[in-house]
Amino acid sequence: MRVCVVGAGHVGLVTAAVFADLGNDVVCLDIDQDKIAALQDGQVPIFEPGLSEMVLRNQGAGRLTLTSSYPEAVPGAEVVFLAVDTPTGSDGRADLTNLRAATAELAQHLSDEALVVVKSTVPVGSGSIVRTILEENCRPERAFEVASCPEFLREGSAVADCLRPDRVVIGCSDPETVAPLVRLYAPLERPLLFMDVNSAELVKYAANSFLAMRISFVNSIADLCEEMDADIGQVIKGISADTRIGGHYLSPGLGYGGSCFPKDTAALASFSAEAGCPFTIIEAVMEVNRQRIPRFIGRLHNVLGDLKGREIAVLGLSFKPDTEDVRESRSLELVQALLAEGARVRAYDPVAVPAARRVVRDVRYCSNAYEAADGADALVIATEWNEFKLLDLERMGDLLRQRIIFDGRNTYSPSEMKDLGFQYVSVGR
Ligand code: UDX
């Protein structure tokens with residue numbers, strides 16, 4: 001099938017690569033010409049396990065084409081995915097400027113009976129906006145359909161998630177109108193859930209906000225554990241054994257970050273208030289998340305006192321492991337808070353140093369964890385990359401000026417750290 005994907009960001013590029021890999025003829029379009037030139041040159045600008053190989057393989061096989069040209073990408077496509085970014089506007093609402101512009105542009109080149117599928121995360125009612133823009137900009141004889149198909153992939157496991165989604169949510173007026181989309185997803189053999197477009201759009205916000213709520217909930221319980229001399233690990237073991245609760249999204253730490261949870265919770269809070277139905281739970285979820293870094297900094301104060309002039313080594317800069325993405329990274333927020341307190345920061349991350357350097361300059365970026373620790377007053381673990389789990393802690397202890405570790409991700413066992421002579425501060429233990 002001929003498919004067009006508008007937007008070569010995380011969602012767009014992964015979607016394009018996966019559908020090309022399934023044997024379709026896919027054109028992926030982005031107006032960022034530098035990004036397209038790099039991709040055409042075989043450089044995949046996103047660190048995402050398995051993506052680079054998949055993009056190159058399908059480019060080589062002629063099934064995946066990258067372009068900045070709408071006339072090249074859109075005509076002939078049976079399905080056109082809209083996967084442009086919808087950033088948070090100043091009022092917390094999703095900014096649809098890019099989506100509107102892309103829709104108006106593609107309308108002029110749309111083939112008859114094309115199915116336009118919105119993959120971007122968009123507020124409820126956006127499907128109608130897309131339809132109106134298409135009607136205003138298409139030639140009158142063109143017939144087209146608009147559907148919603150929100151994406152649930154996670155960074156760091158995007159290819160695997162896209163190939164094996166728990167469910168595919170399809171918002172449409174009638175399943176018959178989305179037959180090409182059903183054909184496209186059929187080889188994945190995953191459950192397809194058909195519903196109206198507004199409900200499909202709301203599913204995305206509800207799912208992400210629910211997961212964010214679990215994280216803020218467990219972080220609040222972790223705070224309580226610290227005050228009451230209980231162990232969050234044991235509490236999680238106890239609650240997650242209840243099959244009604246389960247164990248997903250219950251890891252305590254520095255809070256959630258990334259390009260989705262902060263944005264989607266803010267958007268849900270904003271559009272629900274506007275609808276006269278203020279979502280007070282989500283306001284609390286966001287507030288708990290905002291307090292994570294100030295609270296953690298407070299724990300550094302308890303041990304180190306004034307941070308002015310202190311050398312702090314920070315391990316992990318991306319918002320989570322297996323990605324170079326530092327958007328809304330709690331780790332970078334922590335680094336900035338340390339700098340604001342007058343601390344000197346040296347930092348290391350397996351892949352996110354270049355991205356972090358663009359955001360925060362006054363940091364000594366190091367090429368490994370040991371270099372970061374050498375001579376520092378304390379070590380902070382901010383992102384739980386696998387390679388931090390197996391650090392040579394004896395060596396770390398010898399390199400640090402004092403054996404003090406603040407662990408924002410509960411990487412090590414407190415008793416082992418005690419045996420190694422560390423003063424070890426972790427979350428909820
Ligand atoms: C999320 C959704 O999971 C995905 O379905 C959606 O399509 C996009 O947003 P992503 O942002 O890639 O995916 O990351 P995810 O793995 O969900 O983690 C989000 C944040 O929550 C990270 O900062 C992570 O560190 C944090 N987190 C996650 C916790 O603090 N505790 C947990 O138990 C789980």
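Just so it is clear, the values below take in all heavy atoms, side chains as well, and ignore hydrogens, waters and symmetry mates. As the structure lists them, so they are numbered: ligands from 1, and atoms in each ligand from 1.
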Return yes when atom CG of D41 has more than 12 non-hydrogen atoms of other residues, nucleotides or ligands closer than 6.0 Å, and no otherwise. yes
Salt-bridge criterion met for E226 and R295 (N-O under 4.0 Å): yes
Taking only Lys NZ, Arg NE, NH1 and NH2, and the carboxylate oxygens of Asp or Glu, determine whether E274 and R93 approach each other closer than 4.0 Å. yes
Of the backbone atoms (N, CA, C, O) and the side-chain heavy atoms from C-beta on, which set of E151 has a member under 4.0 Å from an atom of ligand 1: side chain, backbone, both, or neither? backbone
If we number the atoms of ligand 1 from 1 as shown, the ones under 4.0 Å from a heavy atom of E155 are 12 (O)
Give the single entry among Y256, Y249, F152 that approaches atom 21 (O) of ligand 1 most closely by any heavy atom. Y256
Where ligand 1 meets K320 - atom numbers and elements under 4.0 angstrom, heavy-atom basis: 10 (P), 12 (O), 14 (O), 15 (P), 16 (O), 25 (O)
Using heavy atoms and a 4.0 Å limit, tell me yes or no: is G258 in contact with ligand 1? no
Numbered atoms and elements of ligand 1 in range of G257, under 4.0 angstrom, heavy atoms: 20 (C), 22 (C), 23 (O)
Short N or O distance, F261 and ligand 1, threshold 3.5 Å exclusive: no
Parallel under 30°, tilted from 30 to 60°, perpendicular over 60°: which one fits the rings of F19 and Y185? perpendicular
Ion pair E384/K389, N-O distance below 4.0 Å: no
For atom 27 (N) of ligand 1, which of the options D166, I215, D161 provides the nearest non-hydrogen atom? I215
Quick check on R409 - does any of its heavy atoms sit under 4.0 Å from an atom of ligand 1? yes
Any ion pair linking K263 and D95 (charged N to carboxylate O, less than 4.0 Å)? no
Below a 4.0 angstrom heavy-atom separation, can you tell me which part of H10, side chain or backbone, both or neither, approaches ligand 1? neither
Protein heavy-atom partner closest to atom 13 (O) of ligand 1 - residue, atom, separation in Å: R154 CG, 3.6 Å
Atom 6 (C) of ligand 1 - nearest protein heavy atom and its distance: L153 O, 3.3 Å
K320 bridged to E155 by N-O distance under 4.0 Å: no
State the atoms of ligand 1, each with its element, that fall below the 4.0 Å cut-off from a heavy-atom position in C260. 8 (C), 9 (O)
Can D25 and R63 be counted as an ion pair, charged N to O under 4.0 angstrom? no
Out of curiosity, E48 CD to R154 CZ, how far, rounded to the nearest 0.5 Å? 10.0 Å
So, does H248 sit close enough to ligand 1 that a heavy atom of it is under 4.0 Å from the ligand? no
Under 4.0 Å from a heavy atom of N208: which atoms of ligand 1 are those, numbered in the order shown and with their elements? 2 (C), 4 (C), 5 (O), 6 (C), 9 (O)
More than 12 heavy atoms from other groups under 6.0 Å of CZ on F152: yes
Parallel, tilted or perpendicular: ring planes of F271 versus Y205, cut at 30 and 60 degrees: perpendicular
Protein contact to atom 25 (O) of ligand 1 [nearest heavy atom, distance to 0.1 Å]: F319 O, 3.7 Å
For atom 31 (N) of ligand 1, which of the options S251, A158, A207, G247 provides the nearest non-hydrogen atom? S251
